[in-house]
Amino acid sequence: QVQLVESGGGLAQAGGSLRLSCAASGRAFSNYVVGWFRQAPGKEREFVAFINWNDGNRFYADSVKGRFVISRDNAKNTVYLQMNSLKPEDTAVYYCAAQLTTSFRGSVSSPKSYDYWGQGTQVTVSS
């Protein structure tokens with residue numbers, strides 16, 4: 001099975017940028033779909049972005065559309081989340097999640113659709 005490790009979180013000012021990485025080990029990301037989610041204190045985990053490794057299809061939550069970009073690097077077996085024009089409301093723990101394409105059921109925006117999760121990385125945006 002695939003293991004996921006996120007990195008790249010930290011502190012940014014409003015309007016700034018951060019790039020998160022999700023590195024896979026144990027399995028190549030090919031044949032997987034990958035999602036980014038975030039969870040702020042006291043709130044439910046919410047969908048941020050999705051990429052299908054094989055065909056490159058991408059989807060974004062309305063709250064991040066036009067500001068965040070999800071991408072993949074085949075050679076590094078890594079998915080990235082480039083976050084621009086950050087807002088204080090983007091503050092959360094960010095998680096990457098993966099599921100085999102052949103086993104993917106349900107909505108790309110539902111956490112229940114993914115079996116594999118990273119440990120999360122904190123993003124804090126100051127005003």
Side-chain angles (χ1 to χ4, degrees):
Q1 64 184 35
V2 66
Q3 290 86 43
L4 308 176
V5 178
E6 301 99 334
S7 61
L11 178 65
Q13 290 188 334
S17 299
L18 286 172
R19 188 179 78 160
L20 305 184
S21 300
C22 175
S25 62
R27 290 287 189 274
F29 258 146
S30 56
N31 299 319
Y32 282 83
V33 297
V34 179
W36 281 99
F37 290 79
R38 65 188 182 187
Q39 189 165 18
K43 295 187 176 181
E44 293 187 352
R45 193 165 297 189
E46 66 171 357
F47 169 73
V48 175
F50 165 94
I51 188 167
N52 183 319
W53 190 273
N54 285 335
D55 62 20
N57 279 341
R58 296 166 171 83
F59 299 100
Y60 297 93
D62 288 344
S63 59
V64 306
K65 202 172 294 183
R67 300 189 298 123
F68 290 11
V69 178
I70 189 170
S71 62
R72 67 190 192 279
D73 185 322
N74 292 344
K76 296 184 178 180
N77 210 29
T78 298
V79 171
Y80 300 100
L81 184 69
Q82 178 67 43
M83 306 187 296
N84 302 319
S85 301
L86 284 164
K87 303 176 181 180
E89 51 263 45
D90 294 320
T91 296
V93 177
Y94 283 71
Y95 300 89
C96 67
Q99 180 63 298
L100 278 167
T101 306
T102 54
S103 302
F104 192 77
R105 301 289 184 269
S107 168
V108 301
S109 61
S110 171
K112 296 180 180 179
S113 301
Y114 302 83
D115 284 343
Y116 307 103
W117 291 83
Q119 82 288 353
T121 185
Q122 176 71 46
V123 171
T124 303
V125 183
S126 62
S127 58

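In what follows, every heavy atom counts, from backbone to side chain, and hydrogens, waters and symmetry copies are set aside.
Comment: K65 engages D62 in a salt bridge, judged by a side-chain N to carboxylate O separation of less than 4.0 angstrom.
For T91 (side chain) and V125 (main-chain N/O), a donor-acceptor pair under 3.5 Å exists by modelled atom type. Of the possible polar contacts, none joining the R38 side chain to the W36 backbone as a donor-acceptor pair under 3.5 Å is found. In this structure, T121 contributes its side chain and Y94 its backbone to no donor-acceptor pair below 3.5 Å. A donor-acceptor pair under 3.5 Å is absent between the side-chain atoms of T78 and the main chain of D73, judged by distance alone. Side chain of E6 to backbone of Q119: a donor-acceptor contact under 3.5 angstrom is found. For N77 (side chain) and R27 (main-chain N/O), a donor-acceptor pair under 3.5 Å exists by modelled atom type.
Hydrophobic cluster membership is shared by V93 and Y114, with clusters built from Ile, Leu, Val, Met, Phe, Trp and Tyr side chains linked at under 4.5 angstrom. Side-chain heavy atoms closer than 4.5 Å link hydrophobic residues (I, L, V, M, F, W, Y) into clusters, and following such links, even through other members, never connects F104 to I51. Residues F47 and Y80 do not share a hydrophobic cluster, clusters being chains of Ile/Leu/Val/Met/Phe/Trp/Tyr side chains in contact below 4.5 Å. Linking ILVMFWY residues whenever their side-chain heavy atoms come closer than 4.5 Å, directly or via other members, leaves V108 and F68 in distinct clusters.
Counting non-hydrogen atoms of other residues, nucleotides and ligands closer than 6.0 Å to CD of E46 gives a total above 12.
In this structure, P88 and A14 approach most closely via the heavy-atom pair CD-CB, 4.2 Å. Contact detail for S107 and S113: the closest heavy-atom pair is O-OG, 2.8 Å. Of all heavy-atom pairs spanning K43 and Q39, the tightest one is O-NE2, 3.1 Å. For the residue pair S85 and D90, the shortest heavy atom distance occurs at O-OD2, 4.4 Å.
For N84 and S17, the side-chain atoms include at least one donor-acceptor pair closer than 3.5 Å.
Note that the SG atom of C96 and the CD1 atom of I70 stand 9.0 Å from one another [nearest 0.5 Å]. A distance of 9.0 Å separates CD in Q82 from CG in L20, rounded to the nearest 0.5 Å. Put simply, OG on S127 and NZ on K87 are 14.0 Å apart, with the number rounded to the nearest 0.5 Å. Annotation: the span from L18 atom CG to L86 atom CG amounts to 5.5 Å, rounded to 0.5 Å. Atoms CZ and CZ, from R72 and R58 in turn, are 6.0 Å apart once rounded to the nearest 0.5 Å.
The aromatic rings of Y95 and W117 stand perpendicular to each other, their planes meeting at an angle above 60°, with 30° marking the opposite boundary. Using bins of under 30°, 30° to 60° and over 60° for the plane-to-plane angle, the ring pair Y116/Y32 lands in the perpendicular bin.
In this structure, R45 is not positioned above the aromatic face of F37 in the sense of NZ or CZ being under 6.0 Å from the six-membered ring centre and within 45° of the axis.
Tested against W53 for a side-chain hydrogen bond (donor to acceptor under 3.5 Å, both in side chains), the candidates T101, N31, N74 yield a single pass: N74.
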For this session: Run the numbers on F29 and L4 for side chain to side chain contact (heavy atoms under 4.5 Å, CB included), then give the verdict.
Result: CA-CA 10 Å; F29 258 146; L4 308 176; 3.6 Å; yes
Next on the checklist: What verdict does the side chain to side chain contact (heavy atoms under 4.5 Å, CB included) test give for V123 and M83, after you've listed the backbone C-alpha separation in whole Å, the side-chain angles of each residue and the deciding distance to 0.1 Å?
Outcome noted: CA-CA 10 Å; V123 171; M83 306 187 296; 3.8 Å; yes
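Within the 4.5 Å cutoff, no side-chain heavy atoms of F50 are placed close to those of S109.
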